[in-house]
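Below is one structure, written out as structure tokens, with a few remarks after it.
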Amino acid sequence: IEEGKGYQNDRDWNGEYSAKVFRSEDYWSVEASIPLEQLGVSELKKEWRVNFRRKQFNRGAMADWQVPIGGNPNNYGVLVFN
């Protein structure tokens, strides 16, 4: 992604994945499994720049793991594979 160009996505993507959600009184968590080849990954790098977003349209709310400022991946959180 070029800086200042914003994030581009493919809304037609319909990959195979599995997800589980857990909700307690004061938090929630999600676990997702997406085969890397579905993301076009041929070689796993140790670190990825990522962001995760949850939207609740009925409440007008959303939450980000790391707020992307200007769509620049250098401002995203770092996901480390061990």
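Numbers here are sequence positions counted from 1.
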The criterion is side chain to side chain contact (heavy atoms under 4.5 Å, CB included); which residues satisfy it with [X], sequence neighbours excluded?
{"X": "Arg23", "answer": "Trp28"}
{"X": "Glu47", "answer": "Val78, Val80"}
{"X": "Phe57", "answer": "Lys55"}

Problem - side-chain hydrogen bond (donor to acceptor under 3.5 Å, both in side chains) partners of Ser42, counting only residues at least two apart - result: none
Fill in the blank from the handout: Sequence neighbours excluded, the answer for side-chain hydrogen bond (donor to acceptor under 3.5 Å, both in side chains) partners of Asn58 is none
Handout entry: Tyr76/Trp48 aromatic ring centres below 6.0 Å
Key = no
Exercise for the section: Could you tell me which non-hydrogen atom of Glu16 sits nearest to which non-hydrogen atom of Gln38, and how far apart they are? Expected result: N-OE1, 2.8 Å
Practice task
Indicate, with yes or no, if Phe81 and Tyr17 share a hydrophobic cluster defined by side-chain heavy-atom contacts under 4.5 Å among Ile, Leu, Val, Met, Phe, Trp and Tyr.
Solution key: yes
Practice task
Consider only side-chain heavy atoms of I, L, V, M, F, W and Y, link residues closer than 4.5 Å, and tell whether Leu79 and Leu39 are in one cluster.
Solution key: yes
Practice task
Give me the other members of the hydrophobic cluster that Phe22 sits in, counting Ile, Leu, Val, Met, Phe, Trp and Tyr linked by side-chain heavy atoms under 4.5 Å, directly or via other members.
Solution key: Tyr27
